[in-house]
Structures are given as structure tokens and as C-alpha cells.
Amino acid sequence: MSRPDSVWRMIAVLGSAALISGVLLGYFHDLTATPIAQASARRLSESLREMMPSFSNDPLTDAVGACVDGDSLRIYPCMDDGSLVGAAVESISHNGFGGDIRVLVCFTPDGAVAGFRVIEHSETPGLGAKMEDWFSGEPRRSAIVGSGGGGNLKVSADGGSVDAITGATITSRAFVEAVNRACSVFNRYRNEQAEYYS
Amino acid sequence: MNKIINFCIFAALSYSEMKRRTFSPGGIHPPQLKSTAGSRIIAVDAPVSIVLPLGQHIGRGAIPVVGKGDRVEAGQPVAVAGPDGVSAAVHTPFSGRVSAIGQKRDSRGLPVESVSIDVEPGQSVADVDRTLADVGPVGLGDVVKAASDAGIVGLGGAAFPTAFKIGGCNGLAIDTVVINGAECEPVLTCDDAMMRVHPDEIVAGTRLIKSAVGATRVIIGVELNKPEAIFRLQEASAAHGDVSVVGLQTKYPQGGERQLVQAVTGRYIAQGCLPMTVGVVVQNVSTARALYRAMAFGEPLVNRIVTVAGEAIGRPGNYLVPIGMSVAELLGQAGADLDRIDKLVAGGPMMGRVIEYIDGPVTKSMSAVLALSGNDAFRRRVEPCVRCGRCVDVCPNVLEPYLIATYGRLGRVDDAAEAGALMCMECGSCSYVCPSSRPITDMIRVAKYLIRKSRK
Amino acid sequence: MSKLNIILNGLINENPTFVLLLGMCPTLGTTASAMTGMSMGLATMCVLICSNCAVSSIKSIVPAKVRIPVYIVVIATFVTILQLVLKAYMPALDAALGIFIPLIVVNCILLGRAEAFASRNNVVDSILDGLGIGLGFSMALTMLGGLRELLGAGTVFGMMVYPDSFAPLVFVLAPGAFIVLGMMIALLNRIRKRC
Amino acid sequence: MLTYISIVVTAIFVNNIVFAQFLGICPFIGVSRNMSSAVGMGLAVTFVMALSTSVTWILQTCILHPFGLDYMQTIAFILVIAALVQMLEIVLRKIHPVLYASLGVYLPLITTNCAVLGVALITVQHSMPFLQSLVHAVATALGFMMALVLFAGIRRQLDLVDVPGPMRGVPIALICAGLLAMAFMGFAGMKF
Amino acid sequence: MKTLVISQSPHIQSPRTTSDAMRHVVVALLPALAVGVWRFGVSAAAVVAVAALSCLASEWLIARFVMGRRVAFFGWAPLVTGLLLGMNLPSGIPLWAVVIGSLFAIGVGKMAFGGLGCNIFNPALVGRVFLLLSFPALMTSWPVVGDGCLSWADAVTAPTPLMLVKQGVVPDNQMVIGELVGNVGGSLGEVGAIAILLGLVYLMMFRIVTWHIPVSIILSVGVVSWLSGGNPLFDIVSGGLMLGAVFMATDYVTSPMTRRGQLLYGVMIGVITVVIRRWGVYPEGVSFAILIMNGATPLINRYVRPRPRRCAEGRCV
Ligand SMILES: Cc1cc2nc3c(=O)[nH]c(=O)nc-3n(C[C@H](O)[C@H](O)[C@H](O)COP(=O)(O)O)c2cc1C
Ligand SMILES: Cc1cc2nc3c(=O)[nH]c(=O)nc-3n(C[C@H](O)[C@H](O)[C@H](O)COP(=O)(O)O)c2cc1C
Ligand SMILES: Cc1cc2nc3c(=O)[nH]c(=O)nc-3n(C[C@H](O)[C@H](O)[C@H](O)COP(=O)(O)O)c2cc1C
Ligand SMILES: Cc1cc2nc3c(=O)[nH]c(=O)nc-3n(C[C@H](O)[C@H](O)[C@H](O)CO)c2cc1C
Ligand code: SF4
Ligand code: SF4
Ligand code: SF4
Ligand code: SF4
Ligand code: FES
């Protein structure tokens with residue numbers, strides 16, 4: 001580099017670098033905005049399709065919010081021919097070991113749990129992180145799925161019927177808490193619906 | 001009988017009070033091994049020849065004043081103190097003829113400038129008993145001159161020229177003379193013998209030093225494992241209000257001057273300071289006695305008491321030995337079985353130096369010849385330091401011996417200096433207690449050597 | 001240096017993880033499994049190739065004094081693009097690597113190669129260097145991830161090798177990252193001293 | 001108040017940036033050889049983290065987020081941090097040469113330290129209020145300094161013993177870090 | 001005349017050796033071990049035996065084949081490590097886990113640093129915490145006392161007193177007495193505080209350890225427990241605190257050198273222990289506390305050094 005570096009040259013180079021970078025990033029942002037938005041929606045609707053009987057509406061657009069204890073949970077109702085075939089509640093517990101645990105819980109119209117998916121968590125690999133596999137395995141699954149909408153599931157350590165993950169009671173409690181909250185939200189939703197229609 | 005009863009009462013009364021007197025922190029309790037305690041002082045038979053090294057003291061070697069072939073009289077100086085003062089004259093204990101002047105191996109096996117003398121037959125080694133002469137008030141100059149003329153060096157081990165030490169007190173505010181009768185080293189009993197046999201002369205000597213340096217009191221510190229010595233000294237000093245004798249807890253290194261001064265005066269000498277800076281001068285009991293003999297009778301330092309001990313020694317005991325006699329001859333007269341000796345130590349087992357050349361001469365500072373046999377002569381296998389902290393606990397100079405030793409081993413000179421390597425007095429307490437038998441003191445010596453070398 | 005040598009250099013002689021000890025944070029933070037380790041390595045490699053290429057092509061017009069800021073802008077741009085692409089098309093991977101994707105920006109492998117190689121060599125060589133170093137990094141991360149996963153979960157790339165009830169969990173947790181990497185470097189030290 | 005105590009304890013002990021989050025490992029390994037550089041680096045990081053987290057917080061809440069530019073986070077933050085460090089260096093040299101002499105040498109190293117950028121990103125992700133972000137940043141930096149200082153002590157100790165050849169240096173340091181991380185897991189999941 | 005041995009002073013050595021100290025520790029551990037075997041039966045003996053053997057074997061194998069040192073199979077230090085590791089485990093733990101734990105304790109906790117005296121962290125605790133983090137389920141199922149069971153499969157498990165406290169039970173005197181005599185669940189060596197105290201008395205009699213570390217730990221646990229509203233007596237006698245304070249925190253290699261340093265170390269262990277017990281997820285924190293303070297020991301050694309007294313005379317110029 002034999003030419004002397006004048007201040008203007010420096011500013012020009014830096015400025016154009018920033019400009020090019022900004023343009024590039026703007027372009028890529030626009031390019032990926034839709035896929036990014038779709039990415040999360042896709043996961044949700046895929047989960048719903050797996051756990052629910054067939055439905056014809058778009059639960060994501062029909063979603064409603066419901067407040068419990070300061071959290072706003074989303075309810076995704078699934079309709080077929082205008083009648084409710086089930087609904088999913090995206091529930092959360094703040095009492096996980098490593099932070100929040102988000103669970104999608106599906107219900108039959110009469111309030112029984114139809115299925116669940118862990119959406120997000122930051123539990124310890126090998127311990128709490130096993131929760132989805134653990135609770136999907138028998139006999140844990142049958143202790144949760146089909147249970148009534150009372151929302152009072154408990155882990156075995158607290159005298160309940162759901163076996164906790166060995167060594168991760170905290171995660172298990174939080175998971176069950178999230179399911180329970182989903183139950184109570186769904187029950188409220190169901191009652192409101194019943195009132196509305198009656 | 002009366003004396004014995006008195007002694008018992010004295011011992012009982014003093015013991016509890018005296019046991020508290022010691023230094024802190026640190027110190028160890030090695031086995032006493034003082035099997036020669038209470039023995040008579042035995043004068044050896046005169047040898048046929050002697051070798052007088054000219055550098056038996058700390059400082060510059062003495063300058064010979066005789067020539068090869070000269071005839072010398074017993075007590076005549078063969079060499080005088082070198083010019084800078086840190087030096088001491090050397091006298092011949094016997095009449096005889098100078099057979100050689102030149103390099104001779106000393107007991108360490110190192111060649112040193114020496115005067116060799118063929119001793120005329122028919123002489124004997126004797127400590128002439130003399131009646132206590134009253135030496136009037138003396139000045140500093142008189143004592144320095146007497147010590148210098150008599151070639152007196154510190155007999156407590158370091159062999160520092162006494163004239164120079166006392167002369168150095170000139171103009172300093174010295175209020176206390178501390179006399180070191182601790183004899184804290186295991187095995188050694190030569191000072192004990194001196195205190196038991198010549199308490200009056202020791203007390204007289206201490207008072208000379210006192211008046212020379214202008215002090216107001218003399219404190220003689222003796223470990224409680226020498227009750228008879230304490231008793232004798234107490235008797236001898238009863239008439240002198242300015243001299244007190246205190247018993248000290250038996251703990252090594254009670255005789256280190258820093259430790260002794262703390263124990264008897266309560267004054268703590270900070271690191272890097274000398275006793276003088278707290279107004280104290282320290283002298284060994286035998287040094288005090290030698291000083292008295294020099295002042296009162298003009299006697300030079302030509303003999304010393306040497307403890308000869310060890311399993312392989314047939315007649316262990318305290319021997320009055322002329323300076324210059326060979327160690328081999330001394331061992332022979334003490335009935336040593338040379339074949340059973342694996343290691344010879346000049347001095348006590350804690351600080352003594354090994355004797356590598358058995359035909360080397362006894363010197364002024366050689367307080368003992370200790371013969372070790374079998375397992376005693378060998379160190380245990382060195383194991384890894386387990387950081388037990390015992391060395392730290394026992395170091396009287398409040399150092400971290402394991403750390404300095406490690407720095408020494410790794411050659412980390414600056415770290416070693418920063419950790420205070422130069423404060424180490426090489427008392428050996430740390431090596432003694434180390435359960436892993438680590439040669440801590442050796443490695444500290446390496447560190448000190450490296451530091452001194454790097455500063456040159 | 002032949003083209004092949006440039007690549008091999010990055011893989012072995014100047015392996016960023018085992019030899020240069022660069023980029024320690026992603027090395028430790030994303031290797032709980034072979035899959036995440038490899039993904040992180042490849043993601044870094046993509047950015048490295050792009051940034052080396054870009055730096056090498058603009059090297060003659062950038063004044064020395066603003067060199068570093070410009071390189072940072074270049075690298076950050078590619079990292080952000082990567083981030084957006086991952087979010088859009090591989091959201092699960094994006095979630096697994098988390099904060100370590102944006103942190104590629106401060107991975108000194110990138111700045112280091114931009115400085116030490118790309119700003120002094122032609123575009124093709126720079127791309128090859130990016131490929132070599134990137135592959136070296138990916139290889140190291142995959143090995144580390146594979147080993148940790150094997151020890152700590154009994155699987156490799158998710159395939160069971162032995163039942164996970166026998167697997168010491170520590171190896172997939174934070175301490176395992178440090179310990180396995182330390183042991184691997186020690187092992188390599190030992191092998192290299194022997195040769 | 002409890003929130004702040006909780007943030008501080010969590011950032012220093014529970015989620016220690018080095019032992020639990022794997023950020024700032026390079027300076028952790030590189031600058032923990034002796035105590036004075038450990039403390040110097042620690043202080044410099046504390047300073048820069050506090051400053052950069054404040055600035056990036058403002059940048060995020062006042063500019064990036066309102067204008068929908070969240071995707072520019074990474075590039076904006078790293079440029080802000082780089083510029084800040086540069087400015088800090090210049091200012092420090094002018095107004096406090098003594099402090100500059102002790103901290104200045106560590107400043108350039110900090111630009112490319114992922115801990116600083118990492119903390120800025122994490123605080124924004126957790127959408128903490130400003131003061132909490134600041135406390136979080138300072139506590140994180142203190143956790144970093146604690147790790148550095150503990151390590152400076154450990155490495156000094158390791159210099160005194162015969163660590164086997166292949167383990168010497170970085171490997172044994174990593175293993176010590178691993179064992180310390182194990183010890184600090186005792187604080188895991190701590191809640192107040 | 002033989003050739004004379006040449007060495008520097010001192011020429012005598014104290015008869016106490018490092019392996020003597022380790023041997024005394026083994027003896028001092030016996031009462032607590034006996035209580036463990038008595039309460040938990042043969043499986044407890046098997047766990048300790050396997051831990052001791054595999055520690056000895058790991059040390060020998062690594063020294064011999066990895067480091068190329070010629071060493072004897074038996075050593076008192078690895079035996080102490082093995083015994084302590086074994087005594088820190090639940091009696092029902094499968095033996096393969098004990099072997100893995102021993103290998104990690106010796107391999108990573110000790111030999112990686114260069115062997116005896118070189119390690120920073122207490123090897124037995126490294127092994128224990130490794131197992132605790134690796135196999136949380138195995139490490140937290142505590143067989144019921146007095147079972148004397150021969151097989152592992154059908155052992156009845158129950159929570160330890162500290163786990164009960166974590167679940168909200170308020171400790172009473174009955175639990176304190178249970179801890180004292182070993183009538184509770186827990187690691188097989190930690191039940192029976194009295195037996196452990198017996199060991200402490202023995203160790204202090206032979207001057208293997210001083211009071212500083214155990215007493216400062218126990219006192220600070222009491223004080224912090226009281227301040228934080230716990231039951232001080234219960235906190236002191238429960239869990240592995242006694243075992244840790246007497247046998248593990250006192251390990252020479254990993255504890256501070258000076259008395260003042262040891263007091264600081266002990267107090268910090270006590271504080272951290274109670275903090276973890278109160279607010280952490282683990283019912284017991286003493287292992288973590290000791291390991292953390294092991295890590296801080298080099299710092300303590302550096303800054304809490306023996307202090308030479310300053311001269312009070314002030315006469316020097
Ligand atoms: C590093 C680490 C990670 C942990 N991860 C989890 C976790 O993900 N979920 C959990 O519930 N507990 C976790 N724990 C806590 C303990 O495993 C658990 O709370 C405690 O041992 C209680 O045991 P229990 O589940 O058998 O009642 C973790 C602890 C540590 C140290
Ligand atoms: C560790 C150690 C122990 C000592 N023990 C004695 C002793 O027991 N008796 C003694 O007179 N001097 C002993 N000394 C020497 C004294 O410190 C001091 O030098 C001596 O008493 C001074 O008197 P002096 O010049 O008359 O020899 C010892 C020195 C050291 C370093
Ligand atoms: C963030 C960071 C970046 C560093 N970058 C370099 C570097 O580019 N070159 C380098 O020699 N050392 C780098 N180092 C290492 C330290 O500066 C290292 O301590 C210093 O080079 C002193 O080297 P020495 O220990 O070999 O004397 C870096 C350290 C950190 C924390
Ligand atoms: C008083 C004392 C306590 C000890 N405690 C332990 C201990 O808790 N864990 C251990 O592995 N070794 C212990 N040891 C043995 C030994 O110090 C240990 O193996 C070293 O840590 C290995 O370098 C102890 C030894 C002694 C003398
Ligand atoms: S030899 Fe030195 S370091 Fe050792 S105890 Fe004596 S003075 Fe202290
Ligand atoms: S006494 Fe020995 S083993 Fe103990 S700390 Fe000192 S050097 Fe180490
Ligand atoms: S630039 Fe980053 S990744 Fe690289 S050495 Fe530095 S801190 Fe580590
Ligand atoms: S010089 Fe004197 S007053 Fe000063 S520290 Fe030394 S002994 Fe004390
Ligand atoms: S500090 Fe180096 S990668 Fe994080």
C-alpha cells in the first residue's frame with residue numbers, strides 16, 4: 001500500500017463498507033422475513049396436525065389469548081365444519097430448572113388432554129432436556145393423556161400419578177405445572193364458549 | 001547434701017515459671033540424645049603433630065608470623081589477625097617446631113592455608129585450675145585487645161571474631177549482655193560441661209563484657225534440660241546483682257541469638273536486624289569464659305571442649321582437645337570403632353557439618369564430633385511435598401520453607417529472594433520435621449547461593 | 001505453497017483448535033453433541049470462506065488504519081446473513097447454537113485469518129485457506145462433540161452406542177467440555193512429541 | 001432489592017460467564033498467568049462491559065427495535081463496542097495516564113472478546129430494564145474477574161509442581177477449569 | 001574405614017512420615033466405616049472395598065503405563081482416597097459406577113496434575129461430585145438404614161433427613177439424635193456423627209490434623225445456619241458435613257498452609273455449605289463447598305502468609 005492514507009479515503013472506504021453491508025443485510029432480511037415467520041408457524045401447525053383430528057380452519061389466525069397469573073397464553077381452536085374438534089393451548093411454566101418451559105397441550109372438546117409437545121426449554125442436556133421423550137413414554141403418557149381437565153396433575157414425588165424424571169424433579173414439576181395451566185385455561189375457554197353459544 | 005536439697009527446691013520452684021520462657025513462633029523438639037551429660041571433662045593425650053588452619057573463623061585468614069623450621073613455645077601466636085579486623089590470631093597449644101606452612105586439607109577436605117607443627121614430646125593438655133582473679137573495671141579497649149591477643153572467636157558455632165563483635169558495640173546503646181548457655185542442639189554437652197565445671201569463670205567473663213560494652217545487666221539463658229548448670233551458675237552469680245540466670249524451655253533452636261534474645265528479654269529482633277539494634281550483645285558461655293582467662297591470665301585460646309558421641313564411640317564424653325589435633329586421633333583416643341562409622345559430623349546433628357577428611361584438624365568452632373552409623377547416617381527417601389505446612393509451622397524465622405525450597409530447586413532466584421530466602425538461618429528445623437523427608441534446607445541454601453551470585 | 005498444502009495446513013499444522021487454541025468459546029460451548037459441534041464448525045467455515053474472499057478482493061483499496069473496522073464490518077455482515085438464513089431454513093439448528101452464531105463475529109479465527117492470510121494473498125488462495133481452516137475447526141469441533149456425546153450420552157450423531165444409563169452426564173455439561181478438550185490437547189501433545 | 005441480589009449472585013456464581021456460559025475463555029486462558037494481569041484484565045472488562053451494555057441497551061431500545069432493525073443487532077453492537085473501546089483508550093490516555101498504564105494494555109484485547117458482545121446480546125435477549133442490565137453486566141464482569149483471579153492463584157501453584165509434560169500449560173488449565181466448573185455446579189439452579 | 005556419607009545439615013529427621021499420617025487417617029476412618037457397614041450391611045462394605053481397590057488400581061495403572069513410573073501397587077494415599085470416596089457414596093450404588101468414579105477421581109483429580117502432592121482439588125471429592133453430576137438418580141437413592149441387604153435390586157430407598165428438610169420438613173431433636181448415632185439415611189460413611197468425631201479425636205491425638213479446619217467449619221455452619229433461620233445443631237450433624245470437615249477438608253494437599261489461612265478456608269466452607277443447602281437445588285453442599293475452597297486455596301496461601309512480627313523496639317536507625 002504505497003499511497004498515503006488520507007482521511008477522506010478512510011472515511012470513504014469505511015462509509016462504503018457500511019453502505020454495502022447495510023444494503024446486503026436489508027436485502028437478505030427482506031428475503032428471509034417470510035420464511036422466518038413461516039418457520040415458527042409451520043412447526044406449530046405441524047404439531048397440531050399430528051395431535052388433532054383433521055380440522056379445516058387455520059387455528060393460527062383464529063387464536064385467542066387468555067390471561068392466567070400474569071401470563072398471556074394462546075389458545076388455538078381447531079374447527080371442522082364450524083364445530084370445535086379440539087384446541088391447543090401454548091402454555092408456559094417459569095419454574096423450570098434452567099428457565100421457562102413452553103409446552104403445547106392439545107385438548108379434546110370435552111376437556112381431556114389429547115397430546116403435548118415441548119416447544120421451548122433450556123433444561124440440562126441429559127436430565128431435564130429428556131422431558132418430551134420421558135413424558136411421551138409409558139406409563140407417564142397415559143397418566144397425562146386422557147386425564148380430565150381438572151388441571152391437578154401431580155408428580156409422584158408430590159403424591160401424584162405422574163412419575164418424575166429421575167434426577168430432574170424440578171423439570172418434571174414445571175412441565176406438569178405447564179400442563180395444568182393449559183387445562184385451566186382451556187376449561188375457562190370451554191365454559192365461555194358454552195355460555196356464548198347458549 | 002545441703003546442695004542437693006537446695007538444688008531440688010530450686011528446680012521445683014523455677015520449673016513452672018521457666019518453662020514459659022521461650023521464643024515464638026516455631027521451633028521443634030528433637031530427641032535430646034545428650035548421653036554424655038554429666039560426664040567429666042577428659043583431657044586428651046598430646047598428639048605428635050598438629051595442623052593449625054589460619055582461617056578458623058568467619059572473615060579473613062590470619063597472617064603467619066612464624067617460618068618453616070622455627071621453634072615455637074606453647075601459647076605463642078603463630079599467626080596474627082588480618083588487617084581489616086574481621087580476623088583472629090592463631091596460637092599453638094604446644095611447644096614444637098614448625099614443619100610446614102602451606103595448604104593442608106581441613107576436616108571438610110578443603111585445602112586451607114595452615115601452620116603444621118611437630119610437637120615436642122612430654123607435654124600434656126591441661127586446663128590449669130587457677131584461683132579466681134579479680135579483674136577490676138575494664139574498658140572496651142582492654143577487652144578488645146585481650147580478645148584479639150588471645151585469638152578468641154565465638155565458640156557458639158559461628159566463630160565470629162569476638163574482638164570485632166565487642167569492638168563493634170562501641171558507641172551503641174547496649175544495655176544487656178545475653179549469655180548463650182542454651183546448647184539447644186541435641187547430643188552436644190560441651191557448654192553444659194563448661195557451665196558445670198567453670199561457673200565462676202563464666203560469670204566473671206560475662207561481667208567483663210558487661211563493663212566493656214557499658215551494659216547494665218547480664219542475663220545467662222540456659223535450657224531447663226541442664227538443671228545442674230543452672231544451679232551452678234546461679235550459685236556463682238549469687239553475689240552479683242547484675243547477673244541473672246534464667247532457665248529456658250527445651251526447644252530447638254533456643255540458642256539462635258534472635259530466639260534467645262526474645263526468650264530472655266522479650267525483645268523481638270525484626271528480620272534483617274542484629275541484636276545490637278535492640279541494645280543486646282550475645283556471647284556464648286565458653287566465649288565468656290575464654291575472655292575471662294585471656295583478661296585475667298593472658299591465656300590464648302588453644303584448647304576447647306569437644307563432645308565425642310555416637311554408637312560407634314567406645315568412650316563417649318567431653319574431651320579437652322588442643323586446637324589442631326586431628327579428628328582421627330581424637331576418635332582413636334575416644335575408643336571409636338572406625339569400621340562402624342558411616343558418617344561423621346562436626347558439631348550437633350542439626351547444624352553440624354560433615355567431616356569428609358578424618359585426618360583434618362579440630363578447630364576452634366568444632367564443638368563436637370558425632371559418629372553416626374547405619375540408618376542414622378542416611379536420609380530417608382525423598383517424597384513429594386504434601387503441603388502439610390509443618391515446615392511453615394516450625395520455622396522460627398517465620399518463613400515459608402517449602403516455597404523458598406521450591407524456588408531454589410526451580411532456579412527462580414527473584415521469587416526466592418522475594419520470599420525471604422536470605423532470612424533463613426539454616427537451622428534445619430524445616431528439614432527435620434518434613435514428613436516427606438524433603439531436603440528443604442539444602443534447597444534453600446541453593447536459593448541463597450543463587451541470589452548472592454546474581455547480586456554480585 | 002500448493003493449493004492442497006493450503007488446505008492441509010489449516011487442517012493439521014495450524015489447526016485452530018488444537019494447535020493455535022483459537023475460538024475457545026464456541027469450541028467449548030457448542031460441542032455437547034457431534035451434530036451441534038459439526039454444525040457450528042461448518043457455519044463458521046461458511047463465514048470464514050466468505051470473509052476471506054471478500055477481504056482478499058478488497059485488500060488493495062482498504063487503508064491500513066481502517067483495516068480492522070472494515071474487516072469487522074465484512075465479517076459481521078456475513079454472520080448476520082448466516083443468522084438470517086439459519087433462522088429461516090434451519091430454525092432448530094439456530095436454536096441449538098443460540099448465541100454462539102452472532103458470536104462468530106468475535107471469533108478471532110476470522111479476524112486472524114483476514115489479517116494473517118486473506119489480506120496478503122489472492123482470492124483463490126484465501127478461499128482455500130478459509131476452507132482448510134474451516135475444515136480444521138469443523139473437524140476439531142466434531143471430534144470434541146462426538147467424544148463428549150459418546151461419553152456423556154452413549155450416542156454418536158444420535159445413534160446409540162451403549163445405554164445412556166451408563167453414561168456419565170458430566171461430559172455433556174459445562175465441566176465435561178473443559179475436561180475433554182484438555183485431555184484431547186494433552187493427548188495430541190503427547191503424540192506430537194513422540195513423532 | 002431482592003431482584004438485584006438475585007441478579008448479582010446468579011451472574012457471579014450460578015451462571016458464571018466462564019464456568020457455565022463458556023464466554024471469555026480465550027482471555028481466561030491467556031491472561032490468568034499472573035495476578036496483576038488478571039486483576040487488570042478483570043477491571044478493564046468490568047469497565048467496558050458496563051459501558052457497552054449501557055450503550056447497546058439504549059441503541060436497541062431507542063433505535064433498532066422501534067425501526068424494526070433487530071436483525072442489525074450483531075453488526076451494530078460489535079461496531080459500538082469496537083468504537084467504545086477505541087474511545088475509552090484515547091480518553092483514558094488523556095485524562096488518567098496512570099490508569100491507562102495499568103488497564104490500557106488490556107483494552108485492545110477486549111474488542112474481540114466474546115464475553116463483552118455476549119453479555120450485550122444476552123441482556124437484550126432477556127429484555128431487562130436498563131438498571132437491571134447494567135447490574136447484570138457489572139456482576140457478570142465481576143464473575144469473570146473472580147474466575148481470572150482464582151485461576152491466577154491456581155496457575156501459580158501449578159508452576160511449583162511437576163505437572164506431566166503433555167499436560168503442562170493449557171491442558172491442565174482446562175482441566176482445572178473443568179473441575180472448578182464442577183464445583184460451581186453446586187450453585188446450579190439457585191433461587192432466592 | 002568405610003567411605004563416609006556426605007550430606008548437609010540437619011543430620012537427623014523426625015520419625016513421622018507422610019505414609020504414617022495417611023495410615024493414621026485410615027485407622028481414624030474405621031469407626032465411621034464400621035457404623036456404615038453395620039447400618040447398611042454388606043453392600044456398604046462392597047462399595048468401599050471396590051472404591052479402595054479401584055483407586056489403588058487406577059493409580060498404579062496410570063503411574064505405570066501412562067506416566068511410565070515404576071511404582072508399588074499399594075500406597076496409603078490412594079487407599080485413603082478410595083476409602084473416602086467409597087464412604088461418600090450411597091450404599092446401593094452399582095459397583096460399575098464406583099469404578100468409573102474412582103478412575104475419574106484418581107485420573108483427572110490427581111494423576112493429571114502429577115500425582116501425590118500436585119493436585120489442586122481433593123481427589124475423593126472430585127470423584128464424588130463427578131458421580132453426583134453424572135448419575136444423579138443413582139447418587140440420590142438412599143437405601144434405608146438397618147436393611148442389611150445383600151442385593152441392590154430390592155433395597156428400599158428413602159429420602160435423607162436433608163432431603164426431607166429441602167421438602168419443607170422442620171428438623172427436630174429426634175432427627176439430630178438419629179444423625180448422631182447413624183440411624184438415618186445418607187452416604188454410607190456420613191451416618192453416625194459420633195463415630196466421625198471419634199476419628200477426629202484420634203487424628204488430633206496423633207497430631208495429624210489440628211482443630212482449626214474442622215472447628216471453623218462446624219462453628220461457621222452453626223452460626224450461618226442460625227442466622228438464616230435453620231436448626232444449627234441439625235445442620236452440623238446432618239449430611240456429609242462431619243465427614244467433610246474432619247477428613248476431607250483437612251487433606252493437607254488441598255488445604256491452606258497457615259493457621260489463619262485454614263480458619264478462613266474453614267469459615268468459607270461453612271458459609272458456602274449452608275448457602276447451597278438453603279437456596280440451592282442440592283440438599284447437601286459440603287462437597288461443592290470444599291471443592292470451591294480447594295480452588296481458592298492457592299490464593300489463600302498467597303495472601304494469608306505467615307507474618308513476621310514487626311519489631312516493637314523502634315530503636316534501629
Ligand atoms: C448441572 C445441573 C443440572 C441440573 N439439571 C436439572 C434439570 O434439568 N432438571 C431438574 O429438574 N433438575 C436439575 N438439576 C437438579 C438436580 O438434579 C435435582 O434437582 C436434585 O438432585 C433433586 O433430585 P430429584 O429430582 O431426584 O428430586 C440439575 C442440577 C445440576 C447441578
Ligand atoms: C539455629 C542456631 C542455633 C544456635 N544454637 C546455639 C547454642 O545452642 N548455643 C550457642 O552458644 N550458640 C548458638 N548459636 C549461635 C548463636 O546464635 C550466637 O551466634 C552465639 O550465641 C553468639 O555467641 P558467640 O559469638 O560467643 O558464639 C546458634 C545459632 C543458630 C543459628
Ligand atoms: C482477546 C485476546 C486476544 C489475543 N490476541 C493475541 C494475538 O493476536 N497475538 C498474541 O501474541 N497474543 C494474543 N493474545 C494473548 C495475550 O496477549 C498474551 O498473554 C500475550 O501475547 C503475552 O504473550 P506471552 O505470554 O507469550 O509473553 C490474546 C489474548 C486475548 C485475551
Ligand atoms: C488428614 C488427611 C486427610 C486426607 N483427606 C483426603 C481426602 O479427603 N481425599 C483424598 O482423596 N485424599 C485424602 N488424603 C490423602 C492424600 O492427601 C490425597 O490422596 C492427596 O490429595 C493426593 O495428592 C488425606 C490425607 C490426610 C493426611
Ligand atoms: S532452615 Fe531456614 S527456613 Fe528452615 S526452619 Fe530454619 S530458618 Fe526456617
Ligand atoms: S514439611 Fe515437607 S511436606 Fe510438609 S509442607 Fe513442608 S516441605 Fe512440604
Ligand atoms: S478472537 Fe475471540 S475466539 Fe479468538 S482467541 Fe480471541 S477471544 Fe478467542
Ligand atoms: S531496625 Fe531495630 S527497631 Fe527497626 S525493625 Fe529492626 S530491630 Fe526493630
Ligand atoms: S473469549 Fe474467545 S471465543 Fe470467547
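Sequence lines set the chain letters: A, B, ... in the order given, protein chains first and strands last, and positions in each chain run from 1.
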Colleague: Counting only heavy atoms not in A:Arg43 (residues, nucleotides, ligands), do more than 12 fall under 6.0 Å from its CZ?
Modeller: no
Colleague: Hey, is OH on A:Tyr27 packed in by over 12 heavy atoms from elsewhere, all under 6.0 Å?
Modeller: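 Counting other residues, nucleotides and ligands, OH of A:Tyr27 stays at 12 neighbours or fewer.
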Colleague: Give, as side chain, backbone, both or neither, the part of C:Leu169 having an atom under 4.5 angstrom from any heavy atom of chain A.
Modeller: side chain
Colleague: State the CD1-CG distance between C:Ile127 and C:Asn121, to the nearest 0.5 angstrom.
Modeller: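 So the CD1 of C:Ile127 and the CG of C:Asn121 are separated by 12.0 Å.
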Colleague: Would you say the rings of A:Phe135 and A:Phe116 are close, in the sense that their centroids are separated by under 6.0 Å?
Modeller: no
Colleague: Please identify, among A:Leu25, A:Leu24, A:Ile20, the residue contributing the most non-hydrogen atom pairs under 4.5 Å to chain C.
Modeller: A:Leu25
Colleague: Check whether C:Tyr89 gets within reach of chain A through its side chain, its backbone, both or neither, counting any heavy atom under 4.5 Å.
Modeller: side chain
Colleague: Among C:Asp164, C:Asp94, C:Thr80, single out the residue with the greatest number of heavy-atom pairs under 4.5 Å to chain A.
Modeller: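 Answer, by heavy-atom pair count under 4.5 Å with chain A: C:Thr80.
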